[in-house]
Amino acid sequence: MEPKEKVYNFISEQVTLGNLTPTDKITEQFLSDNVGLSRTPIREALLQLASENILEREPRKGFKLKQYSQEEVENIYEIIGTLDGKIAYETCEKLTQEDYSVMQFLIDSMYSSIKNGLYTKYNELQESFHNVYISLSTNSIMVQELKNKKKIFVGKNYKRITPETIQNLLKTTNDEHQTILNLFKNHQKNEVRKYLEEIHWNKSNARYDIW
C-alpha cells in the first residue's frame with residue numbers, strides 16, 4: 001500500500017472513531033508515530049492529499065481536514081451520483097453470478113457490522129460493494145474521477161450523531177444496496193442508474209457529510 005493510502009486510511013479511521021475533528025491539526029509527527037512511516041513519505045502523502053482537496057495546509061501549523069459548505073457537499077453528491085450511475089449502467093451486463101454472490105455477502109456483512117457497531121468495517125465493506133461493478137468499467141478516467149470525489153468525504157463523523165440515528169441511517173443505506181443488487185440481477189440498467197443518481201446519492205443525505 002502506498003504511503004498516501006496508508007495516511008488516508010488512518011485519517012479516515014480516526015474520523016469515524018471520533019478521534020479527529022475538523023479543527024484538529026494533522027502533523028507529520030502524529031502520523032509518523034501512528035502509521036509506521038518516516039516523516040519524508042508522510043510529508044509527501046500529506047501534500048498529495050492537500051492537492052486532491054482532502055486536506056488543507058496551514059503554513060507552519062500543519063494540515064487539517066478541508067471543510068466544505070452545505071452547497072458544495074450537495075454539488076459533490078450530485079457529481080458522484082451521476083458518475084456512479086453512468087458506470088453502473090455501463091457495467092450492468094458485465095456482472096456475473098459470482099459478482100452477485102460477492103455483493104450479497106458484502107451486504108450481509110454490512111448488516112452484521114451495523115448491528116455490532118463496527119462502523120469502520122462498514123465503511124470498508126461499502127466501498128468493496130460498489131467496487132465490484134466499478135472495477136468492470138473500461139473508462140479509467142471516469143472511475144478515477146469518481147474515486148477522487150468519494151475520497152473527499154473522509155470517514156464518517158458518527159460521534160456527532162445519536163446511536164439510534166446512526167443505526168437507522170446505515171440500515172436504510174444498506175437496504176438501498178440490496179435494491180441496487182436486485183436491479184443489477186434483473187439487468188435493469190436504466191433503473192439502477194436512476195436509483196443511484198436520485199436515491200442512493202440524493203442531496204438530502206449530504207447533511208451527514210457536513211461537519
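Just so we're clear, the structure is a prediction, and the values are computed from it rather than from any experiment. Along the sequence shown, the residues carry numbers beginning at 1.
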Any pair counted as ring pair (Phe, Tyr, Trp, His ring centres under 6.0 Å), so long as it reaches residues 128-152, sequence neighbours left out:
F129-H177, H130-Y133, H130-H177, H130-H200, Y133-F184
Listing request: all salt bridge (charged side-chain N to carboxylate O under 4.0 Å, His left out) pairs with a residue in residues 102-111, at least two apart in sequence or in separate chains.
none
Test side-chain hydrogen bond (donor to acceptor under 3.5 Å, both in side chains) on S204 and N202; report intermediate values, then the result.
CA-CA 5 Å; S204 65; N202 188 281; 2.8 Å; yes
Any donor-acceptor N/O pair, Q167 side chain to I114 backbone, under 3.5 Å:
yes
Test: salt bridge (charged side-chain N to carboxylate O under 4.0 Å, His left out). Region: residues 177-186. Which pairs qualify, not counting sequence neighbours?
none
Partners of K194 by side-chain hydrogen bond (donor to acceptor under 3.5 Å, both in side chains), sequence neighbours excluded?
none
Given the options N168, T162, L169, L170, I166 meets side-chain contact (heavy atoms from CB on, under 4.5 Å) only with L170
So CZ of F10 and CG of L31: to nearest 0.5 Å the spacing works out to 6.5 Å
Report whether Y195 and I79 are members of the same hydrophobic cluster (ILVMFWY, side-chain heavy atoms less than 4.5 Å apart, transitive linking).
yes
Polar side-chain atom of S12 near backbone of N9 as donor-acceptor pair, under 3.5 Å:
no
Which of these, T120, T21, L65, sits in a side-chain contact (heavy atoms from CB on, under 4.5 Å) with V15?
L65
The complete set of salt bridge (charged side-chain N to carboxylate O under 4.0 Å, His left out) pairs with one or both residues in residues 93-104, sequence neighbours excluded, reads none
Pairs under 3.5 angstrom only: tabulate donor-acceptor contacts from the side chains of residues 140-152 to other protein residues two or more places apart or in another chain.
{"from": "Q144", "atom 1": "NE2", "to": "N148", "atom 2": "OD1", "distance (Å)": "3.0"}
{"from": "E145", "atom 1": "OE2", "to": "K149", "atom 2": "NZ", "distance (Å)": "2.4"}
{"from": "N148", "atom 1": "ND2", "to": "Q144", "atom 2": "O", "distance (Å)": "3.3"}

Do K64 and D24 come within less than 4.5 Å of each other through their side chains, counting heavy atoms only?
no
Taking V132's backbone N and O only, do any of them form a donor-acceptor pair with S135's side chain (distance below 3.5 Å, no angle check)?
yes
Answer yes or no: are there more than 12 heavy-atom neighbours, outside E5 itself, under 6.0 Å from its atom CD?
yes
Counterpart residues, side-chain hydrogen bond (donor to acceptor under 3.5 Å, both in side chains), relative to E72 (two or more places apart)
S69
With salt bridge (charged side-chain N to carboxylate O under 4.0 Å, His left out) as the rule and sequence neighbours excluded, what pairs involving residues 25-51 come up?
K25-E58, E28-R39, E28-R43
E197 side chain reached by K86 side chain, heavy atoms, under 4.5 Å:
no
Got a sec, which residues hit salt bridge (charged side-chain N to carboxylate O under 4.0 Å, His left out) with K189, two or more places apart in sequence or on another chain?
none
Donor on one side chain, acceptor on other, Q67 and E56, under 3.5 Å
no
Is a side-chain donor or acceptor of S32 paired with a backbone partner of L37 at a separation under 3.5 angstrom?
yes
Measuring only between side-chain heavy atoms, which start at C-beta, is L47 closer than 4.5 Å to F63?
yes
Listed by chain and number, what are the ring pair (Phe, Tyr, Trp, His ring centres under 6.0 Å) partners of Y100, not counting sequence neighbours?
none
Are the side chains of T172 and E176 in touch, meaning some heavy atoms are under 4.5 Å apart?
yes
E127 atom CD: more than 12 heavy-atom contacts under 6.0 Å:
no
When you measure from the side chain of N186 to the backbone of N182, do you find a donor-acceptor pair of N or O atoms at a distance under 3.5 Å?
yes
E2 bridged to K6 by N-O distance under 4.0 Å
no
Please state whether the rings of Y77 and W201 are parallel, tilted or perpendicular, taking 30° and 60° as the class boundaries.
perpendicular
Taking C-beta and beyond as the side chain, do I42 and F30 meet within less than 4.5 Å on heavy atoms?
no
side-chain hydrogen bond (donor to acceptor under 3.5 Å, both in side chains) against N131, all qualifying residues, sequence neighbours excluded
none
Would you please name every residue forming a salt bridge (charged side-chain N to carboxylate O under 4.0 Å, His left out) with E191, sequence neighbours left out?
none
